[in-house]
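Below, read A as the first sequence line, B as the second, and so on, with proteins coming before strands; counting in each chain starts at 1. None of these values were measured; they are calculated from a predicted model.
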Amino acid sequence: MSLVERIAQQRLDKLTELRSRGIDPYPPRCKRSHTNAEAVALLLKQEQESIEPVEVSVAGRVIANRDIGKLAFINLADGSGKIQLFINKSLLSPDSSALLKDLDIGDFIGASGKVIRTRTGEPSIGAGEITLLSKSLQPLPEKWHGLQDTEKRYRQRYVDLIANPEVKEIFRKRSRVVTGIRSYLDSHDFLEVETPVLQPSAGGALARPFITHHNALDCDFYLRIALELHLKRLIVGGFDGVYEIGRVFRNEGIDTKHNPEFTMMECYKAYADYNDIMRLVENMISTVVKDVAGDYKIPFGDDILDFTPPWKRIDLRQAVIDMAGIDYDKFPDTASLAAEMRGKGIQFDPSRDRGRLIDDLLSTFVEPTLKNPTFMVNYPIDMSPLAKNRPGDAHTVERFEAYAGCMEIANAFSELNDPEEQERRFAGQLSNRSQGACSARDEETETIDEDFITALEYGMPPTGGLGVGIDRLVMLITNQQSIREVILFPALKEKE
RNA sequence: GGGCCGCUAGCUCAAUUGGCAGAGCAACUGACUCUUAAUCAGUAGGUUUCGGGUUCGAGUCCCGGGCGGCUCACCA
């Protein structure tokens, strides 16, 4: 018998013994008048106002049990925090005494008694009665080091959360980030909507989708890779401001900044342009950072990032000239830009088109310098098929991306609303791909979303749109270097 | 997909040139009326990630598999 089986057997034996004494180890209800935090607050109130201690009932998980002869000290944790139980064994009922004898770390118990302070000042419940609420059969990780094993932390996040309280704090903050964004948008005339996850074609971004099958319809569906095209349909339909916070799925590599499923917030505002959206991003993100992290200035890795508005604005073309020494406007096609990059000794994949080459220059030379929040503005049309041209400039679109901590955190543009132009851009993408420009990735979107073009034909007002990667924003606010630390159950291969 | 690294008791970690697999916590038995990483005495606990190989002898060396981490590639 293995050790863990033996421990489980010991605890199962205790279970049998409890039942034989007529005690239900998994009772349906418990007596609870205060959370642990409320009980501690009550103690302070008693002390300040010299009120007689009153009887309270608390409940929680046993996380430490110090047995000192005729006394016992138990640390009890619930969602609000910890409180100590101070037990004088001679004052316990027989049932409580028997339970105390068989108590294991990890068990849930309830305790009743007066809120007091021990001689060393520790807020405690002077417990006269304890009852079992749920028996634990698995040994917990040790209290000093917690659970360190990364794989186990992700696979069994519930154990991680029990053993490492700081992990809980990350996910509390994540929840506040989402709530903060939602309430900001709600108060700025945006309507929260839900659009399909399962789609006949996956558009709105260029990424390899997951494919699944619907049995009754006998057809394949794609899991969405972006929210964009459906939300813009709703602008066509006459909602002047819409947003969605939802999961999107991309069948790509996994690393510290990418999980196959992640959370995007996209919002669209009719009668707005990318300058309006830039103000919105600056305002919304800095507000959320201050609310959740407590300051506009937050630590991230070795740096302090300052989200105080206004953020720096950098022209993309100028940034690439400054950092890479290449003015891509002077190289209007793929071949000439590739030749220039080759001449400068820059390595790149020869099958890439001009937009991707510019993206290479951006991510290699510019992105690593973008620590403080920065707007990169005015993107080349080659890498922006859904954005509207700058007036009088056939090569540049009204688009920006927001960077912080050397990561892209937001992407926005004045939405292209000319249906013919949109169809040409889609067709251009398709022909690029069929010419083998991206032959290795031809499983990417290979169909045009015809209905989206039709929607634009009905007329979409001038519209500003935005996408924000929620996971990366949470990484920044919680100072985490891996996206898995801000996703409760990150994608892992099944073991065995 | 490539490169590098890791996997030893439930948890956190040791183990010298290839030479008897160990400690702390957790568990079990006992002592203890103010502990909070309680303390003290004792007990038990191992397919060293899996499968091969070399060797008198493998946690350690070699080959292959699994899972994970970092990194590169990929990633509008």
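Spacing between B/A41 and B/G18 at atom C1', rounded to whole Å, works out to 38 Å. Between B/U48 and B/A9, the two P atoms lie 10 Å apart (nearest whole Å). B/G52 and B/A58 have their C1' atoms separated by 13 Å, given to the nearest Å. Look at the C1' atom in both B/U71 and B/G59: the space between them is 28 Å, to the nearest Å. Only the P atoms considered, B/U29 is 23 Å distant from B/C34, to the nearest whole Å. When the P atom is compared between B/C11 and B/G46, the two are found 14 Å apart, to the nearest whole Å. Taking the C1' atom of each, B/G1 and B/C74 are spaced 9 Å apart, rounded to whole Å. Nucleotides B/U43 and B/G6 are separated by 36 Å at their P atoms, to the nearest Å.
In terms of polar N and O atoms assigned as donor or acceptor, the side chain of A/H258 comes within less than 3.5 Å of the base of B/C75 in a complementary pairing. Scanning atom types as modelled, no donor and acceptor separated by under 3.5 angstrom connect the side chain of A/D255 and the base of B/C70.
For the pair A/D104 and A/K135, the salt-bridge criterion is met [side-chain N within less than 4.0 Å of a carboxylate O]. Salt-bridge check for A/R399 with A/E415: failed, with every basic side-chain N at 4.0 Å or more from each acidic carboxylate O. Taking the charged nitrogens against the carboxylate oxygens, A/R356 and A/D359 have no contact shorter than 4.0 Å, which rules out a salt bridge.
B/A58 makes up no base pair with any nucleotide shown, lacking Watson-Crick or G-U wobble contacts both under 3.5 Å. Pairing partner, B/C11: B/G24, with both Watson-Crick or wobble hydrogen-bond distances short of 3.5 Å. When both distances must be under 3.5 Å, the Watson-Crick or G-U wobble mate of B/C4 is B/G69. Taking a pair to require two hydrogen-bonding distances under 3.5 Å in either a Watson-Crick or a G-U wobble arrangement, B/U29 pairs with B/A41.
Relative ring orientation between A/F86 and A/F73 is described as tilted, the plane-to-plane angle lying within the 30° to 60° band.
In the set B/G69, B/C11, B/U36, the nucleotide with an atom closest to the side chain of A/Y154 is B/G69. Closest to the side chain of A/F73, out of B/C13, B/A76, B/C34, is B/C34. Nearest nucleotide to the A/A205 side chain, out of B/A27, B/A76, B/G68: B/A76. Here the side chain of A/T120 is nearest to one of B/C74, B/U36, B/C70, namely B/U36.
Between A/F413 and A/K152, the residue anchored nearer the 5' end of RNA chain B, judged by the nucleotide with its closest heavy atom, is A/K152.
A/N378 and A/Y274 are linked by a side-chain donor-acceptor pair at a separation below 3.5 angstrom, with hydrogens and angles left out of the test.
A/R153 comes within contact range of no nucleotide atom at all, as no heavy-atom separation falls under 4.0 Å. Backbone-only engagement by A/L147 is indicated by non-hydrogen atom pairs under 4.0 Å involving sugar-phosphate atoms exclusively.
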